Visitor: 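Quick one: the structure is below, questions incoming.
Not measured: the values here are computed from a predicted model. Starting from 1, each residue takes its place in the sequence as its number.
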Amino acid sequence: MIDLTHYDTIVLAGGAAQRLGGADKPSLSVGGRPLLDRVLAACPDAAITVVVGPRRPATRDVVHTLEDPPGGGPLAALDAGLRHTTAPTVLVLSADLPFLTAATVQRLLEAATRTAGAATPGGSSAPREGRAPHNGGAAAAAAAGRAPHDGAMLQDASGRDQPLVAAYQVEPLRRELARVRAEHGTLAGLPLRALMAGLLLERLPDATTTASFDCDTWEDISAARARIREHGNVLDEWITAVKAELGIELDVDTAALLDLARDAAHGVARPAAPLTTFLIGYAAGQQGRDVQELTERATALANRWAAEGAADTDATGAETKPAE
């Protein structure tokens, strides 16, 4: 069985953000939270999380480091991050992914840690454009008809590879970085494709370009903010933001709490709705009790309260009816 918790994460959070006028992109807020924090929230169980770039506040403990030279580009940043990792698998992410989720991270890790020769549904394990891998082991395996696995990355709806939304086996990643450095004398200023040419990766489709949506321009930032405020997303996004702000981990049954608020408002009085939900949260925190159980009890109380009022109304009405 694959241990999906045994992985490290590298978040590339440098870059000049020229298309954003030099703004500190990882610190930009989407849905009330910095982009960097949204990315970190998708991989909370990484053994080590390395953020490569200028030091910024984060919602949890991370290792901060800088590429050499500073501003040296993605390969130099990746190399700097790898120096702080110890797990056999590493998740590599950019810091501008507002819609990355833990489910997508798990999907990447599952694909990256499959054994060689495993089926690869929904993606290709061959290098793009027919380019042969530079490492002999992978080339020999490919020639033998097997599918060696160096990792997995998302591929957006347009078919574009997303190497910064990916999970890699660390050994081949280190090997290919060493090869590129030997060929060019440096990693600084080189594009990611110089590394990708030597890796055999499974490509996982992101059919709606959601998890792989990145924010390169102010238009992208505006689109992300608007999407979060859409009717179907806004409550879940708000609850997630509040939990992050308060530093709590809690599964919230939104529908049940909304039903309770409705029952309290209709059966008691409108102000009872927010007060009741607050008291449930307070009781759960103070007494360590189950929110679902407390919600059910408060709902039953509100229904009894409403039923008494209805019964009183009926009784009063019956008393004032003229005798027949």
Side-chain angles (χ1 to χ4, degrees), residues 1-12 42-43 45-50 74-75 77-79 81-94 97 100-156 159-181 187 191-207 211-212:
M1 183 175 178
I2 298 169
D3 181 6
L4 296 180
T5 65
H6 192 37
Y7 74 97
D8 295 331
T9 296
I10 299 173
V11 181
L12 303 191
C43 50
D45 53 355
I48 298 172
T49 298
V50 185
L75 291 192
L78 181 56
D79 181 63
L82 277 174
R83 296 176 187 275
H84 296 274
T85 64
T86 59
T89 306
V90 63
L91 185 70
V92 178
L93 305 169
S94 61
L97 302 166
L100 183 68
T101 65
T104 297
V105 166
Q106 181 171 344
R107 185 177 168 218
L108 286 166
L109 292 170
E110 287 175 346
T113 51
R114 289 194 188 108
T115 57
T120 56
S124 169
S125 291
R128 299 282 313 257
E129 300 174 357
R131 301 184 67 172
H134 291 269
N135 60 87
R146 292 184 286 114
H149 251 62
D150 294 333
M153 64 179 166
L154 288 193
Q155 190 176 68
D156 69 19
R160 187 176 61 175
D161 288 345
Q162 300 293 327
L164 295 183
V165 195
Y168 300 93
Q169 294 295 323
V170 169
E171 182 179 348
L173 194 59
R174 293 186 192 275
R175 180 193 64 228
E176 288 304 300
L177 281 169
R179 174 189 62 80
V180 173
R181 183 187 285 108
L187 296 176
L192 279 168
R193 64 175 176 271
L195 180 70
M196 296 298 108
L199 295 172
L200 285 168
L201 304 171
E202 181 171 355
R203 290 166 171 83
L204 305 181
D206 180 18
S212 60

Visitor: Check whether any side-chain N or O of T104 sits under 3.5 Å from a backbone N or O of L100 as a donor-acceptor pair, and report yes or no.
Guide: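 Here the side-chain-to-backbone pair does not exist.
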
Visitor: How close do A166 and P163 get, heavy atom to heavy atom, and via which atoms?
Guide: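 Of all heavy-atom pairs spanning A166 and P163, the closest is CB-O, 3.5 Å.
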
Visitor: With rounding to the nearest 0.5 angstrom, report the CD to CD distance, E202 to Q155.
Guide: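 Result: 11.0 Å between the selected atoms.
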
Visitor: For residues L12 and P74, report the shortest heavy-atom separation together with the two atoms involved.
Guide: CD1-O, 4.0 Å

Visitor: Which atom names give the shortest non-hydrogen contact between G81 and T85, and what distance separates them?
Guide: O-CG2, 3.5 Å

Visitor: How long is the gap from OG on S212 to CG on D206, to the nearest 0.5 Å?
Guide: 3.5 Å

Visitor: If you compare all heavy atoms of G151 against all heavy atoms of A112, which two are closest, and at what distance to 0.1 Å?
Guide: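 Distance-wise, the nearest heavy atoms are CA-CB, 3.9 Å.
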
Visitor: Measuring from atom CG of L108 to atom CG of L93, what distance do you get when rounded to the nearest 0.5 angstrom?
Guide: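 Nearest 0.5 Å value for the CG-CG distance: 8.0 Å.
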
Visitor: Specify the closest pair of heavy atoms between P191 and L75, including all atoms of both residues, with the distance to one decimal.
Guide: O-CD1, 3.6 Å

Visitor: Are any non-hydrogen side-chain atoms of T9 and V105 less than 4.5 angstrom apart?
Guide: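 They are not in contact (no side-chain heavy atoms under 4.5 Å apart), so the answer is no.
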
Visitor: Once rounded to the nearest 0.5 Å, what's the spacing between atom OH of Y168 and atom CZ of R174?
Guide: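 If we round to the nearest 0.5 Å, Y168:OH and R174:CZ are 14.5 Å apart.
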
Visitor: For D79, give me all partners under side chain to side chain donor-acceptor pair (under 3.5 Å), at least two apart in sequence or on another chain.
Guide: R83, R181

Visitor: Whether R179 and E176 form a salt bridge (side-chain N of Lys/Arg under 4.0 Å from carboxylate O of Asp/Glu) is what I want to check.
Guide: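 Yes, charged N to carboxylate O under 4.0 Å.
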
Visitor: Would you name the heavy atoms of D8 and A47 that are closest together and state the gap between them?
Guide: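 Minimum heavy-atom contact is OD1-CB, 3.4 Å.
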
Visitor: Taking M153's backbone N and O only, do any of them form a donor-acceptor pair with Q162's side chain (distance below 3.5 Å, no angle check)?
Guide: no

Visitor: Got a second to check how far L195's CG is from L78's CG, nearest 0.5 Å?
Guide: 6.5 Å

Visitor: When you measure from the side chain of D150 to the backbone of L201, do you find a donor-acceptor pair of N or O atoms at a distance under 3.5 Å?
Guide: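 No: the side chain of D150 does not pair with the backbone of L201.
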
